[in-house]
Engineer: 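The structure that follows is given in the form of structure tokens.
Just so you know, these numbers use all the heavy atoms, side chains as well, and skip hydrogens, waters and symmetry mates. Naming convention: chains lettered A, B, ... in sequence-line order (proteins, then strands); numbering from 1 in each chain.
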Number of protein chains: 2
Amino acid sequence: MVKQGERPADVRGALLDAALRLIETLPEDKVSLRACARLAGVSHAAPAHYFPTRVALISAVLAHAYNQLTEAMIRARDAAGDDPFDRLKAIGLAYVAFGLAHPALYAMLFRPTYLQVPDSEMAEAGYRCANVLGEAVAATPRPGGMTLAAGITLAWTAVHGFVGLVCNGLILLDEAPIAAAERALEQQRSAFSG
Amino acid sequence: MVKQGERPADVRGALLDAALRLIETLPEDKVSLRACARLAGVSHAAPAHYFPTRVALISAVLAHAYNQLTEAMIRARDAAGDDPFDRLKAIGLAYVAFGLAHPALYAMLFRPTYLQVPDSEMAEAGYRCANVLGEAVAATPRPGGMTLAAGITLAWTAVHGFVGLVCNGLILLDEAPIAAAERALEQQRSAFSG
DNA sequence: CCCCTTTGCTTGACAGTGTCAAGCTACGTA
DNA sequence: TACGTAGCTTGACACTGTCAAGCAAAGGGG
């Protein structure tokens with residue numbers, strides 16, 4: 001993508017790549033437009049042609065991240081057989097695995113700053129991602145008092161809370177993170193069927 | 001605290017107040033050292049005497065926030081009677097209430113950037129806060145297969161995930177947030193008792 | 001072929017930021 | 001009273017985002 005010493009063929013793509021690389025290697029406040037421009041081999045003001053603000057650039061990177069997360073969740077769901085809760089649990093585990101593999105990206109996926117970008121691909125990608133989870137919850141039998149909203153809340157807060165606390169080193173697990181997540185999600189089987 | 005036109009009597013305190021006010025009113029990236037210094041009525045380089053970096057200043061603010069959260073959790077626990085799960089649930093509800101009342105502060109409480117400040121009061125305050133939750137989990141009977149770590153994970157991820165998603169406007173609830181949280185935490189009663 | 005317009009940047013300026021270092025003032029102690 | 005120290009202030013500098021003028025290349029029309 002990046003051509004040395006010459007303008008990249010696809011400047012927008014080079015900027016997205018650069019931003020992604022910086023997000024995954026530097027503290028967030030070091031991911032500046034100028035740093036991305038330098039890494040992409042363009043002038044410091046070039047990003048302004050494609051992204052009105054720094055937040056818009058990062059938001060576009062996060063849209064791609066959401067799409068990857070969505071695809072991982074769909075693959076896991078589709079590989080999980082016919083049992084609705086198994087499919088829901090597989091989605092949850094894929095979600096946790098993605099978050100654990102990309103902690104810096106994950107932390108930014110839910111920030112209003114980035115979600116609220118006008119005409120945001122990210123908000124749309126986030127909606128599609130949430131929809132995979134929502135559909136799986138809708139397809140899973142719930143006890144009489146649990147609304148769909150409550151079911152989605154239960155499922156999503158479990159995985160979101162887990163990834164957030166584990167990635168930030170706040171809880172100590174006494175087994176591998178994925179095993180702990182599987183155990184926690186399995187505990188929800190009775191909540192959904194009972 | 002702030003004396004108009006004159007240096008504040010307690011510069012460090014004025015800076016903490018200013019930072020807290022800015023955190024709760026401005027986007028995070030607008031909470032700069034210079035903005036805090038201006039609001040506190042001191043020169044732009046004065047904060048450096050008390051706080052080596054911007055992150056250190058914010059970390060100190062967050063230590064206070066953690067202490068407030070801890071106190072709220074303890075009060076709620078102590079008002080909840082003798083049932084161990086009721087006490088644990090009350091702690092969880094206090095946690096959720098705090099997060100909902102202070103979304104900007106809450107979002108920063110779990111950021112490695114701020115937790116990892118050298119000699120951080122914040123990390124210590126955070127540890128004390130987590131300890132209140134941990135003790136309540138330890139005091140709550142768990143089914144045979146659930147370790148203490150797994151119990152803490154379960155309890156904490158539920159509230160942490162809930163606050164994070166609700167404060168960022170990511171899930172739609174069909175009842176008041178506190179009612180939804182109470183319902184979700186009540187669902188955990190069976191998980192703890194088996 | 002020539003000229004004009006548009007696109008996609010580059011360059012340079014400027015205001016805001018964090019950081020550093022010299023300097024100033026006030027207070028405390030000998 | 002004099003000296004030293006603490007707690008700032010001031011000014012400079014490099015980095016940031018943003019703006020605007022300018023340049024080069026490409027495309028289209030006469």
Side-chain angles (χ1 to χ4, degrees), chain A residues 1-23 25-62 108 111 113-114 116-120, chain B residues 1-23 25-62 108 111 113-114 116-120:
Chain A
M1 181 64 70
V2 178
K3 292 191 172 182
Q4 284 298 338
E6 189 184 309
R7 187 189 297 172
D10 173 16
V11 172
R12 190 178 190 276
L15 289 168
L16 288 172
D17 283 346
L20 176 60
R21 282 168 66 188
L22 293 178
I23 285 167
T25 52
L26 296 181
E28 188 181 332
D29 62 338
K30 297 292 189 288
V31 184
S32 67
L33 283 172
R34 288 190 184 219
C36 294
R38 275 193 298 269
L39 188 57
V42 295
S43 76
H44 75 275
H49 185 74
Y50 302 95
F51 309 101
T53 61
R54 170 185 176 274
V55 168
L57 168 59
I58 294 180
S59 183
V61 173
L62 295 175
M108 297 165 87
R111 303 273 283 287
T113 298
Y114 302 119
Q116 287 163 0
V117 170
D119 298 317
S120 172
Chain B
M1 179 65 69
V2 178
K3 293 191 169 182
Q4 285 299 339
E6 187 182 313
R7 184 188 299 172
D10 173 16
V11 172
R12 189 179 191 276
L15 290 168
L16 288 172
D17 285 347
L20 176 60
R21 284 170 62 189
L22 292 178
I23 285 168
T25 51
L26 295 182
E28 188 180 336
D29 63 338
K30 297 292 188 288
V31 184
S32 66
L33 283 172
R34 289 189 181 219
C36 295
R38 276 193 298 271
L39 189 57
V42 295
S43 75
H44 76 274
H49 184 75
Y50 301 95
F51 307 102
T53 62
R54 171 186 176 271
V55 168
L57 169 57
I58 294 180
S59 184
V61 172
L62 296 175
M108 296 165 88
R111 303 272 285 282
T113 298
Y114 302 118
Q116 285 162 5
V117 170
D119 299 319
S120 172

Engineer: A/Leu22 has an atom CG; how far is it from atom P of D/dT16, in whole Å?
Structural biologist: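 About 11 Å, once rounded to whole Å.
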Engineer: Atom CZ of A/Arg7 to atom C1' of C/dT10: distance rounded to whole Å?
Structural biologist: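 Nearest whole value for this atom pair: 8 Å.
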Engineer: For a side chain to side chain contact (heavy atoms under 4.5 Å, CB included) with A/Cys36, tell me which candidate from A/Ile23, A/Leu22, A/Val61 qualifies.
Structural biologist: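 With A/Cys36 as partner, A/Ile23, A/Leu22, A/Val61 yield a single side chain to side chain contact (heavy atoms under 4.5 Å, CB included), made by A/Leu22.
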Engineer: Want to settle it: does B/His49 or A/Arg38 sit nearer the 5' end of DNA chain D, counting the closest nucleotide to each?
Structural biologist: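 Comparing both residues, the 5'-ward one is B/His49.
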Engineer: Search all heavy atoms of A/Ser43 against all heavy atoms of A/Pro47 and return the closest pair with its distance.
Structural biologist: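 Nearest pair, atom of A/Ser43 first, then A/Pro47: O-CD, 3.6 Å.
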Engineer: Tell me: NZ of A/Lys30 to P of C/dT17, nearest whole Å?
Structural biologist: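 One finds 16 Å between P of C/dT17 and NZ of A/Lys30, rounded.
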Engineer: Between atom CG of B/Leu33 and atom CZ of B/Arg38, what is the distance when rounded to the nearest 0.5 Å?
Structural biologist: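 Reported to 0.5 Å precision, the distance equals 10.5 Å.
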Engineer: Measure across A/Ile58 and A/Met108 and return the closest heavy-atom pair with its distance rounded to 0.1 Å.
Structural biologist: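 Closest pair (atom of A/Ile58, atom of A/Met108, distance): CG2-CE, 3.3 Å.
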Engineer: Out of curiosity, A/Glu28 CD to A/Arg111 CZ, how far, rounded to the nearest 0.5 Å?
Structural biologist: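 Atom-to-atom, A/Glu28:CD and A/Arg111:CZ are 4.5 Å apart.
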Engineer: Between B/Asp29 (CG) and C/dG18 (P), how many Å, whole number?
Structural biologist: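 Result: 11 Å.
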Engineer: Nearest-Å distance, CG (B/Leu57) to C1' (C/dG18)?
Structural biologist: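 To the nearest whole Å, that distance equals 13 Å.
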Engineer: Is A/Arg54 reaching over with its side chain to a backbone N or O of A/Arg34, donor-acceptor style, under 3.5 angstrom?
Structural biologist: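 No.
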Engineer: Below 3.5 Å is the cut-off: list the nitrogen or oxygen pairs between protein and nucleotides 17-20 of chain D, distance only.
Structural biologist:
unit_1, atom_1, unit_2, atom_2, d
D/dG17, OP1, A/Leu33, N, 2.7
D/dG17, OP2, A/Leu33, N, 3.3
D/dG17, OP2, A/Arg34, N, 3.0
D/dG17, N7, A/Arg34, NE, 3.0
D/dG17, N7, A/Arg34, NH2, 2.9
D/dG17, O6, A/Arg34, NH2, 2.3
D/dT18, O4, A/Arg34, NH2, 3.2
D/dT18, O4, A/His44, NE2, 2.8

Engineer: Could you check how far CZ of B/Phe51 sits from P of C/dG18, rounded to whole Å?
Structural biologist: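 Nearest whole value for this atom pair: 14 Å.
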